[in-house]
Amino acid sequence: MPIHEKSLIRPENITTHDELVIEGVDVSGHWSTFIESRVISDYNEAMEEEIAALPGGENIHRCWQCGSCTNSCTVHAIEPRFNPRYWIYLIRTGMESELLRDKDLIWKCVSCNKCTYACPRDVVPEGVMKATAHWLEMKGHVPESPSMTFDKIFTEQIVEHGKIEDTKVLMQFLKRTNQPLLQDWLKQIVWNIGMRTPVKWGLKSAWNFVFHPRTRGWKKAGAAIQDYIIEVEQHHKSALGVDKSTAANSNAQQHNLHAAE
Amino acid sequence: MSKPILIVGGGPAGLAAAHAVASIGHRSVLVEKAEIFGGAPIQSGYAKLVPSGLWAKDAIGGMVRRVENNSQIDRKLNTVVKTFDGTPGNFVAELSDGTRVEAGSAILTTGFTHFDSVNKPEWGFGLFPDVVTTTQVEQMISSGKGVRCPSDNRKPKRVAILLCVGSRDRQIGREWCSKICCTVSANMAMEIREELPETHVYIYYMDIRTFGLYETDYYWKSQEEFKVKYIKARIAEVTSDGKQLIVKGEDTLVKRPITIPFDLVVHAIGMDPNVDNMTLSAVFGVDLHKQGFIARKDTYGVMGATSRDGVFVAGAAIGPETIDDSIAQANAAALNAIAAATGNNLQAAE
């Protein structure tokens with residue numbers, strides 16, 4: 001019998017055995033090719049609610065699978081595996097293992113929001129993509145993204161000082177993402193800026209870099225913002241069932257994929 | 001004075017027809033084979049009705065009381081019609097209790113029979129106690145006991161409602177859409193979520209037919225407010241691993257086989273022709289539709305006319321029907337039945 005849906009067979013599911021005997025029948029060799037079952041039997045029932053608890057994911061339950069998001073998607077046009085409709089479906093049905101196969105694709109959303117306008121059900125797929133990428137990071141399925149690292153450094157400085165010090169943000173970002181401080185492109189930028197900056201501004205910048213003064217009256221405001229950030233983060237973590245110790249470092253294997261059992 | 005109208009079947013359509021006939025001062029004989037009036041909604045213990053949201057015992061119960069308090073209506077329970085002869089204006093019926101009824105015309109409001117899920121054995125009904133029908137869940141709700149797994153009375157954490165059980169299924173000769181099950185299931189899913197907010201409810205469908213105004217109040221509401229999940233999948237079989245029910249099928253949206261554990265599987269059973277239709281056809285001399293329901297003579301001429309002059313039909317006896325449309329048809333049939341009984345000519349729309 002011919003195989004009709006060859007596209008559904010994943011290479012890793014095709015197996016041959018150099019030596020295999022089943023019930024006395026020798027089925028060794030390439031002419032006894034086996035295709036492993038595609039049956040999914042593990043479900044994470046909580047996945048939809050977890051992603052709905054993160055910013056952008058709130059409307060995921062409204063999806064009716066029309067596919068307008070994928071059809072309008074900028075990324076899908078050049079990367080057919082980028083399929084928001086499919087991922088929303090996997091999330092809603094709890095097919096976590098299937099979603100994780102695409103964990104290195106989901107963050108590629110460029111937030112053009114064409115899906116947001118195409119969606120007839122106000123699902124806001126762009127937000128769902130953002131929430132899903134966030135979820136993957138929080139669950140430890142993917143490492144912290146550089147943009148998340150940058151956001152954290154940025155936020156830390158704001159909370160502490162009420163303003164950022166550009167040089168410090170950049171230096172810390174390079175350090176935390178394990179990049180050398182002295183890079184040719186960076187040296188070029190610094191050199192060019194340095195040559196064009198009036199001496200007075202240069203001195204002021206240097207003074208700010210060394211002392212990093214706080215915005216006047218910032219202490220209370222900074223504390224309030226910090227409290228709010230902690231509160232929201234805690235809310236997200238408890239919605240996802242991840243506490244501080246496991247959040248960033250755990251990996252996919254440690255997570256319970258058998259919630260439905 | 002013209003003769004009374006013989007109304008066969010005391011469900012919503014029959015009760016409506018009897019009241020309609022009485023409302024213009026005409027007499028009727030209402031014959032019901034069961035020991036109580038009310039038809040399927042009462043005898044099968046339905047819970048809240050679509051679209052009113054009223055409990056069946058209140059809504060249909062009101063129709064029963066209205067008929068029971070009307071002296072124009074001669075009521076006969078535990079009774080069936082044995083013979084029926086004559087012509088419009090002069091029919092004679094012999095009942096199972098031995099009485100002889102002279103009737104000017106007759107209205108068949110004999111309804112339907114719930115599909116028996118045993119006829120779809122691969123979906124587990126009769127094999128596993130936690131595979132139930134929508135009728136059973138209606139009874140769990142209407143009795144106040146709540147939705148529970150029959151095997152051990154536990155609250156189900158995961159419920160699957162399978163649509164089109166005994167409908168749109170050529171394999172077992174049920175080619176019709178039973179019309180109401182999608183809406184009833186959406187309503188039931190919301191009722192389950194309301195009673196058991198922690199319970200996940202999935203509806204497995206091939207198409208959703210929450211027709212007309214039901215779209216917003218049932219299809220959308222169940223998803224948006226009650227987070228009921230709709231999965232487009234055909235179920236191959238319902239089995240068990242000894243602990244839970246296992247639903248196997250093909251998810252046709254993601255093109256892959258699925259094997260999903262559930263605590264409770266609900267068959268959204270359809271409407272079969274009344275099991276007595278062959279007898280009714282012979283007794284009243286009316287033709288049946290090829291699917292086994294009572295055939296209408298025409299669509300646009302005389303509402304509810306059958307192949308026999310002076311015998312009319314209304315409600316789910318014609319085919320799967322909602323309660324409100326059954327009542328509308330019964331009123332139309334009542335008008336035509338009185339016209340036939342009083343010798344007025346019913347003109348075909350040709």
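In what follows, chains are A, B, ... by sequence order, proteins preceding strands, each numbered from 1.
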Counting only heavy atoms from other residues, nucleotides and ligands, does the tally under 6.0 Å from [atom1] of [X] exceed 12?
| X | atom1 | result |
| --- | --- | --- |
| Phe150(A) | CZ | no |
| Trp55(B) | CH2 | yes |
| Lys130(A) | NZ | no |
| Asp152(B) | CG | yes |
| Phe154(A) | CZ | no |
| Lys155(B) | NZ | no |

**Request:** Anything in residues 223-238 of chain B with a heavy-atom distance to chain A below 4.5 Å? Please list those residues in order.
**Result:**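 Within residues 223-238 of chain B, near chain A: Gln223(B), Glu224(B), Lys227(B), Val228(B), Lys229(B), Ile231(B), Lys232(B).
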**Prompt:** Under 4.5 Å, heavy atom to heavy atom, which residues of residues 182-204 of chain B contact chain A?
**Reply:**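 Within residues 182-204 of chain B, the residues under 4.5 Å from chain A are His200(B), Tyr202(B).
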**Asked** Which heavy atom in Ile260(B) sits nearest to a heavy atom in Tyr43(A), and how many Å separate them?
**Response**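 For Ile260(B) and Tyr43(A), the tightest heavy-atom pair comes out as CG1-OH, 3.3 Å.
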**Asked** Cation-pi between Arg62(A) and Trp220(B): NZ/CZ under 6.0 Å from ring centre and within 45° of the ring axis?
**Response**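 No, Arg62(A) does not lie over the aromatic ring of Trp220(B).
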**Prompt:** Looking at side-chain heavy atoms only, is the closest gap between Tyr89(A) and Asp251(B) below 4.5 Å?
**Reply:**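 Yes; the side chains approach each other to less than 4.5 Å.
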